[in-house]
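Only one structure is covered here, and it is reproduced in the block below.
Quantities reported herein were computed from a predicted structural model and do not represent experimental measurements. Order of appearance sets the numbers: ligands from 1, and atoms from 1 within every ligand.
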Amino acid sequence: MKGTFPINSFQSIQTPFYYYDTNLLRETLRTINMEAGKHEGFTVHYAVKANANPKLLNIIREAGLGADCVSGGEISASVKAGFPPSRIVYAGVGKSDWEINLALDKNIFCFNVESIPELEVINELAAKKGKTAQVAFRINPNVGAHTHANITTGLAENKFGIAMRDMESVIDTAMSMDNIRFIGLHFHIGSQILDMGDFEALCNRINGLQDELERHHVKVGHINVGGGLGIDYQHPNRLPIPDFKSYFTTYARHLKLRPGQKLHFELGRAIVGQCGSLITRTLYIKQGASKQFAIVDAGMTELIRPALYQAYHKIENLSSNEPAEAYDVVGPICESSDVFAKHIDINKSHRGDLLAIRSAGAYGEIMASGYNCRQLPQGYTSDELEAE
Ligand SMILES: *Cc1c(COP(=O)(O)O)cnc(C)c1O
């Protein structure tokens with residue numbers, strides 16, 4: 001089964017480009033609001049780093065989500081897209097002074113702080129402005145996630161967050177600072193997580209940390225569990241909307257929220273992953289000694305995930321229904337890692353065919369580069385193309 005695409009409108013667009021099915025995006029957002037809305041105090045932010053295309057940001061903001069940013073640029077993009085600063089959170093191990101100042105000027109909701117030196121700088125910069133910065137501490141829960149090693153973030157060996165044994169003293173330090181208001185704890189254990197047991201393990205860890213805080217009479221208003229829910233890259237058409245019901249229910253069942261506490265989520269991939277495809281044309285079919293190559297006009301410059309993480313993306317030939325043949329689908333970039341897939345079956349391809357590289361809405365367009373002096377890809381939505 002292939003996805004449905006407005007192939008006629010594709011013919012006049014310069015490839016490669018990103019195509020976003022905004023109906024699917026809206027349906028995904030409706031599902032999130034419905035499933036999260038069943039639980040008291042659940043609030044969802046969109047992790048802007050997954051895709052900052054302004055057209056998508058607008059749709060996500062319209063659905064009422066907050067924004068989770070990891071840079072000053074993302075804060076600017078979120079504010080520009082109309083996200084209320086009171087719903088913007090800001091994480092990252094290396095926040096520079098201008099970024100902290102920008103966040104203070106915009107009066108964002110919360111800094112997710114990852115070290116004492118960072119806390120000191122935020123306190124100092126806030127003091128200069130006569131402001132109080134709200135902070136949550138990102139705690140490294142030492143919980144492994146069953147995902148690619150490059151995208152686990154919650155292990156003690158990772159660079160992210162504050163060690164659990166330092167939590168108390170860091171909170172004490174924050175409480176003694178004049179321009180800091182400590183409001184919560186933040187976690188994020190990794191990405192593309194499909195095993196709900198990983199999130200359950202995080203809940204258990206947080207329950208233990210909350211017990212410890214209670215023994216020391218420390219109250220926190222906010223728990224932020226980050227994002228990480230994965231999508232089905234193998235079968236983008238089968239379940240295009242991730243299982244948000246199981247995801248939110250896992251937290252509702254296993255996390256012991258204290259009365260009045262808010263639970264924040266920061267989802268990226270699960271929101272935008274399936275709505276995006278990279279559309280490319282076959283340039284040449286090249287016969288090798290033991291295989292054939294489909295050389296396409298998109299490369300790792302437009303979608304780096306296969307080269308960076310050996311990630312799998314389903315590829316469909318939108319222009320052919322001829323019997324399938326095996327191809328290595330490769331790009332034009334002068335790097336051996338510029339390969340989208342090896343030995344995959346697609347309908348027999350000819351020069352000029354349009355191919356869709358699926359599930360590319362997250363960490364696709366936003367990671368594009370100008371390597372080889374290539375132009376950055378454009379992104380088109382189904383709203384725009386259907387209006388034509
Ligand atoms: C990347 C990131 C997210 C989003 O991760 P997804 O796997 O795309 O849901 C959320 N929070 C933080 C702090 C992140 O760095």
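- Here Asp68 has side-chain heavy atoms under 4.0 Å from ligand 1, and that is the only part of it that gets that close.
- Below 4.0 Å from some heavy atom of Tyr363 lie the following atoms of ligand 1, by number and element: 1 (C), 4 (C), 5 (O), 6 (P), 8 (O).
- In this structure, Phe10 has its ring center under 6.0 Å from that of Tyr19.
- Among the atoms of Val70, none of the N or O lies under 3.5 angstrom from an N or O of ligand 1.
- Residue-ligand proximity, Ala47 to ligand 1, at heavy-atom distances under 4.0 Å covers atoms 3 (C), 4 (C).
- Not a single heavy atom of Ala270 sits closer than 4.0 Å to an atom of ligand 1.
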Exercise for review: Report the C-alpha distance between Lys95 and Glu114 in whole Å, list the side-chain angles of each, state the deciding distance to 0.1 Å, and finish with yes or no for salt bridge (charged side-chain N to carboxylate O under 4.0 Å, His left out).
Suggested key: CA-CA 10 Å; Lys95 302 177 182 75; Glu114 308 215 8; 5.3 Å; no

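- Heavy-atom proximity to Gly227, at under 4.0 Å, picks out these atoms of ligand 1: 9 (O), 10 (C).
- Around atom 11 (N) of ligand 1, the closest heavy atom drawn from Glu266, His45, Arg269 belongs to Glu266.
- Atom numbering of ligand 1 starts at 1 in the shown order; those under 4.0 Å from a heavy atom of Gly268 are 6 (P), 8 (O), 9 (O).
- Between His264 and Phe109, the distance from one ring center to the other falls under 6.0 angstrom.
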Exercise for review: For the pair Lys128 and Asp97, evaluate salt bridge (charged side-chain N to carboxylate O under 4.0 Å, His left out) and give the outcome as yes or no after the intermediate values.
Suggested key: CA-CA 12 Å; Lys128 278 196 192 137; Asp97 292 19; over 6 Å; no

Practice item. Could you go through the salt bridge (charged side-chain N to carboxylate O under 4.0 Å, His left out) check for Glu212 and Arg215 one step at a time? Key: CA-CA 5 Å; Glu212 191 183 321; Arg215 281 195 295 276; 5.1 Å; no

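- Counting protein heavy atoms only, atom 15 (O) of ligand 1 is closest to Lys49 NZ, 2.7 Å.
- Paired with Phe199 under the rule ring pair (Phe, Tyr, Trp, His ring centres under 6.0 Å), one option of Phe265, Tyr247, Phe248 passes, and it is Tyr247.
- Protein heavy atom at the shortest distance from atom 7 (O) of ligand 1 is Ser191 OG, 2.3 Å.
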